[in-house]
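Let me begin by presenting the structure, written as C-alpha cells, before commenting on it.
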Amino acid sequence: MNQAGVNEKYKVSPFYVFFLVHSMQTGVGVLSFQRVLAKSTGTDGWISILLAGLFVHIMIWVIYKIFSIVPGDIISANNQAFGKWIGNFFSLLFVLYFLILGMTVMISYINVIHVWMFEEVPSWAFAVVFLVLIYYIHTGGFRTITGIAFLSVILTYWLLFVLFYAMEYSEFTNLLPVFHHTPLDILKGTRSTSLTLLGFEMIVMYYPFIKNAKTSQKYAHWGALTTTLITVFVYLVSLVFYSQKQLELTIWPTLSMTSIIELPFIQRFEYINVSWWAIIIITNMTIALWSASRGFKRLFNVQQKYPLWGISIIILLTNVFIFDIDSLYILHKIIDPYGVLFIALYLPLLLVIIYIKKLRKRI
C-alpha cells in the first residue's frame with residue numbers, strides 16, 4: 001500500500017485515466033462557453049482554446065512530476081513540502097475547491113433544467129435526486145465511479161454528431177477574419193475557457209487509485225487533448241451557425257443549435273439533449289464530490305461517508321435557501337479566476353519546493 005493507504009484491489013487500470021480526465025472536463029461549461037469567448041476573441045477564440053489546452057497539458061505534467069517524487073496524493077505532497085499543519089491548510093483549500101466546483105456544476109445544470117424544461121419544479125427537488133444518486137455511486141467505491149465515467153463518455157458521444165445538423169444552416173465566412181486580436185485579448189479568451197477545461201486537477205486525489213500510476217500520464221494527456229479538440233470543434237460550429245452578435249447574446253449556444261432539430265416523433269429535441277446531458281453532469285458531480293469527501297477523510301481521519309453526508313447537506317441547503325442567478329454568479333467567480341489561479345500558481349510552486357527538498361536530501 002502507498003502513502004495514501006489504497007489497497008491494490010481498489011485500484012483501476014491506467015487506461016481509465018483517459019475517461020476520468022475527459023469525462024470530468026466535459027461538463028456544463030460546454031453548453032455556454034462560446035458566448036463569453038466570442039465577446040473577448042471572436043473568430044480567434046479557437047486560438048484561446050488551444051492555449052488553454054496547452055496549459056492543461058503543462059499542469060498534468062507538473063502533477064505527475066510531483067507524484068514521481070512524492071508517492072501518494074496532494075495531501076501527502078503538501079505535508080512533504082510544508083509539514084503537517086501548513087500542509088493540511090493548503091490541502092483544505094484543495095478540498096474546498098473540489099466542493100465548490102461540484103456545487104457549481106450541480107447548480108449550473110439545475111439552472112439549465114429550469115430554463116429549458118421544468119421551470120416550476122423547485123431546485124432542491126433536483127438536488128435531492130442528484131445527491132441520492134451520487135451517494136449511491138460512492139458506496140460502490142472508486143472503481144464504480146470510474147465505470148460511470150467510462151459509460152458517460154461512451155453513451156454521450158452521439159451528441160457530438162448532432163451538431164453536424166447545424167452545418168446545413170451555416171455561413172463559413174463567419175470564420176473570417178483570423179488573427180485580428182491582440183495577444184492580450186487571446187489570453188483573456190484563454191481564461192474564459194477555464195471552466196470548460198477544468199477537472200483534470202482531480203488527478204491529485206485519485207492518483208493513488210491508479211495501478212502503475214506513472215504509466216497513466218499518457219492517457220491523461222490523451223483525455224485532455226480529446227477535450228480540447230472537441231471544444232474547438234464546438235466553437236467553430238457555433239461561429240459558422242451564429243453571427244458574431246448572435247453568439248455574444250445567446251446564453252446557451254450549444255443547446256440553442258440543437259433546438260432547430262425536428263423529428264416526426266418529437267419536436268423539442270433539446271429536451272432529449274438536456275436530459276441526456278445529465279449522464280455527463282452526474283459524472284462531473286460524482287468525481288468532484290468524491291475528491292472533496294476523500295480529502296476530508298484524509299485530513300480528519302473519518303469514514304468517507306460522513307463528510308459526504310455533510311457536503312450533501314450543505315449543497316441541499318444552498319439550493320433551498322440561496323439558489324438564484326446571483327449565487328451561481330458568485331460560485332463562477334470563485335472558480336474563475338481564483339480557482340484557476342490557485343491551480344496554475346500553486347502546483348508549479350509545490351513542485352519546485354519538493355524538488356529543492358529532494359536535492360537537499362541528496363546533498
Side-chain angles (χ1 to χ4, degrees), residues 1-18 20-21 24 58-99 101 138 141-146 149 199-221 223-224 287-308 342-362:
M1 298 171 70
N2 56 32
Q3 288 185 4
V6 178
N7 195 295
E8 192 70 21
K9 68 180 181 179
Y10 299 124
K11 296 183 179 182
V12 299
S13 299
F15 168 72
Y16 288 104
V17 174
F18 171 89
L20 289 167
V21 171
M24 187 63 207
I58 294 172
M59 288 296 103
I60 289 175
W61 178 86
V62 169
I63 290 171
Y64 276 86
K65 197 67 178 176
I66 290 172
F67 293 134
S68 69
I69 301 173
V70 182
D73 54 18
I74 189 63
I75 296 174
S76 304
N78 285 333
N79 291 345
Q80 177 76 13
F82 302 106
K84 180 179 179 181
W85 295 107
I86 298 178
N88 284 349
F89 169 75
F90 285 114
S91 297
L92 184 61
L93 292 180
F94 268 95
V95 172
L96 293 176
Y97 165 77
F98 297 147
L99 170 58
L101 182 61
H138 278 202
F142 186 74
R143 291 174 65 89
T144 301
I145 294 173
T146 303
F200 67 92
E201 66 279 7
M202 302 296 163
I203 298 172
V204 301
M205 285 307 303
Y206 61 70
Y207 184 89
F209 287 82
I210 307 169
K211 296 178 182 177
N212 302 317
K214 292 181 181 179
T215 64
S216 67
Q217 182 174 356
K218 61 182 178 182
Y219 298 111
H221 283 294
I287 296 176
L289 298 186
W290 178 89
S291 298
S293 59
R294 170 74 181 176
F296 280 120
K297 173 187 176 180
R298 295 269 287 118
L299 286 172
F300 302 106
N301 195 26
V302 296
Q303 294 186 39
Q304 192 165 344
K305 64 180 180 179
Y306 297 128
L308 183 59
F342 176 64
I343 297 297
L345 298 178
Y346 181 79
L347 289 178
L349 176 63
L350 179 62
L351 175 59
V352 170
I353 294 174
I354 290 175
Y355 190 73
I356 292 174
K357 285 200 168 187
K358 179 183 177 181
L359 291 178
R360 285 182 177 178
K361 286 183 179 180
R362 287 181 178 179

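Everything quoted here is computed from the prediction, not taken from an experiment. Throughout, numbering of the chain's residues begins at 1 and tracks the sequence.
In this structure, Ile86 places its CD1 atom where only 12 or fewer heavy-atom neighbours from other residues, nucleotides or ligands lie under 6.0 Å away. In Lys211, the NZ atom is crowded: over 12 heavy atoms of neighbouring residues, nucleotides or ligands sit closer than 6.0 Å. Heavy-atom neighbours of Lys357 NZ from other residues, nucleotides or ligands within 6.0 Å: above the threshold of 12.
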(message) Is there a ring-ring contact (aromatic ring centres under 6.0 Å, His included) between Tyr346 and Phe94? Walk through the geometry before answering.
(response) CA-CA 10 Å; Tyr346 181 79; Phe94 268 95; 5.5 Å; yes
(request) Apply side-chain contact (heavy atoms from CB on, under 4.5 Å) to Leu350 and Ile74, showing your working. (result) CA-CA 10 Å; Leu350 179 62; Ile74 189 63; 3.6 Å; yes
(request) Give the intermediate values and the outcome of side-chain contact (heavy atoms from CB on, under 4.5 Å) for residues His221 and Phe200. (result) CA-CA 9 Å; His221 283 294; Phe200 67 92; over 6 Å; no
(message) One pair to check against side-chain contact (heavy atoms from CB on, under 4.5 Å): Phe90 and Leu93. What are the steps and the verdict?
(response) CA-CA 5 Å; Phe90 285 114; Leu93 292 180; 4.1 Å; yes
(message) Run the side-chain contact (heavy atoms from CB on, under 4.5 Å) test on Phe209 and Arg143 for me, step by step, so that the C-alpha distance in whole Å, both residues' side-chain angles and the decisive distance to 0.1 Å come before the verdict.
(response) CA-CA 9 Å; Phe209 287 82; Arg143 291 174 65 89; over 6 Å; no
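Contact annotation: the side chain of Ile356 approaches that of Arg360 to within less than 4.5 Å [non-hydrogen atoms, C-beta and beyond]. Met202 has its side chain out of reach of Leu20: every pair of non-hydrogen atoms, C-beta onward, lies at least 4.5 Å apart. Arg298 is listed as a side-chain neighbour of Ser76, based on a closest heavy-atom distance under 4.5 Å. Two residues are said to be in side-chain contact when any heavy atoms from C-beta on lie closer than 4.5 Å; His138 and Leu289 meet this criterion. Using a 4.5 Å heavy-atom threshold, the side chains of Tyr206 and Arg294 count as separate. Phe98 places a side-chain heavy atom less than 4.5 Å from the side chain of Glu201.
Considering only residues two or more places apart in sequence or on other chains, Tyr219 meets the side-chain hydrogen bond (donor to acceptor under 3.5 Å, both in side chains) condition with none of them. Tyr16 meets the side-chain hydrogen bond (donor to acceptor under 3.5 Å, both in side chains) test with no other residue; sequence neighbours excluded.
The two residues Ala224 and Ile60 have their closest heavy-atom pair at CB-CD1, 3.8 Å. Counting all heavy atoms, side chain and backbone alike, Ile69 lies closest to Lys358 at CG2-CD, 3.9 Å. The minimum heavy-atom distance between Thr215 and Asn212, with the atom names listed, is OG1-O, 2.6 Å. Considering every non-hydrogen atom in both Lys11 and Pro208, the closest pair reads CE-O, 3.2 Å. Residues Ala149 and Ile287 come closest through the heavy atom pair CB-CD1, 4.5 Å. Looking at every heavy atom in both residues, Pro14 comes nearest to Ser216 through CB-CB, 3.7 Å.
Taken from CZ in Phe67 to CG in Leu351, the straight-line distance is 11.0 Å, to the nearest 0.5 Å. Between atom CG of residue Asn79 and atom CG of residue Asp73 there is a gap of 9.0 Å, rounded to the nearest 0.5 Å. Atom OH of Tyr355 is separated from atom OG of Ser68 by 10.0 Å, given to the nearest 0.5 angstrom. With values rounded to the nearest 0.5 angstrom, Ile66 atom CD1 is found 5.5 Å from Ile354 atom CD1. Between the NZ atom of Lys65 and the CD1 atom of Ile58 there is a distance of 15.0 Å, given to the nearest 0.5 Å.
Below 30°, between 30° and 60°, or above 60°: for Phe142 and Trp290 the angle between ring planes is between 30° and 60°, a tilted geometry. Classification of the Tyr97-Phe342 ring pair by plane angle, with boundaries at 30° and 60°, yields tilted.
Checked against a 6.0 Å centroid threshold, the rings of Tyr306 and Phe300 do not count as neighbours.
For the residue pair Ser91/Asn88, the side-chain donor-acceptor check at 3.5 Å is not satisfied.
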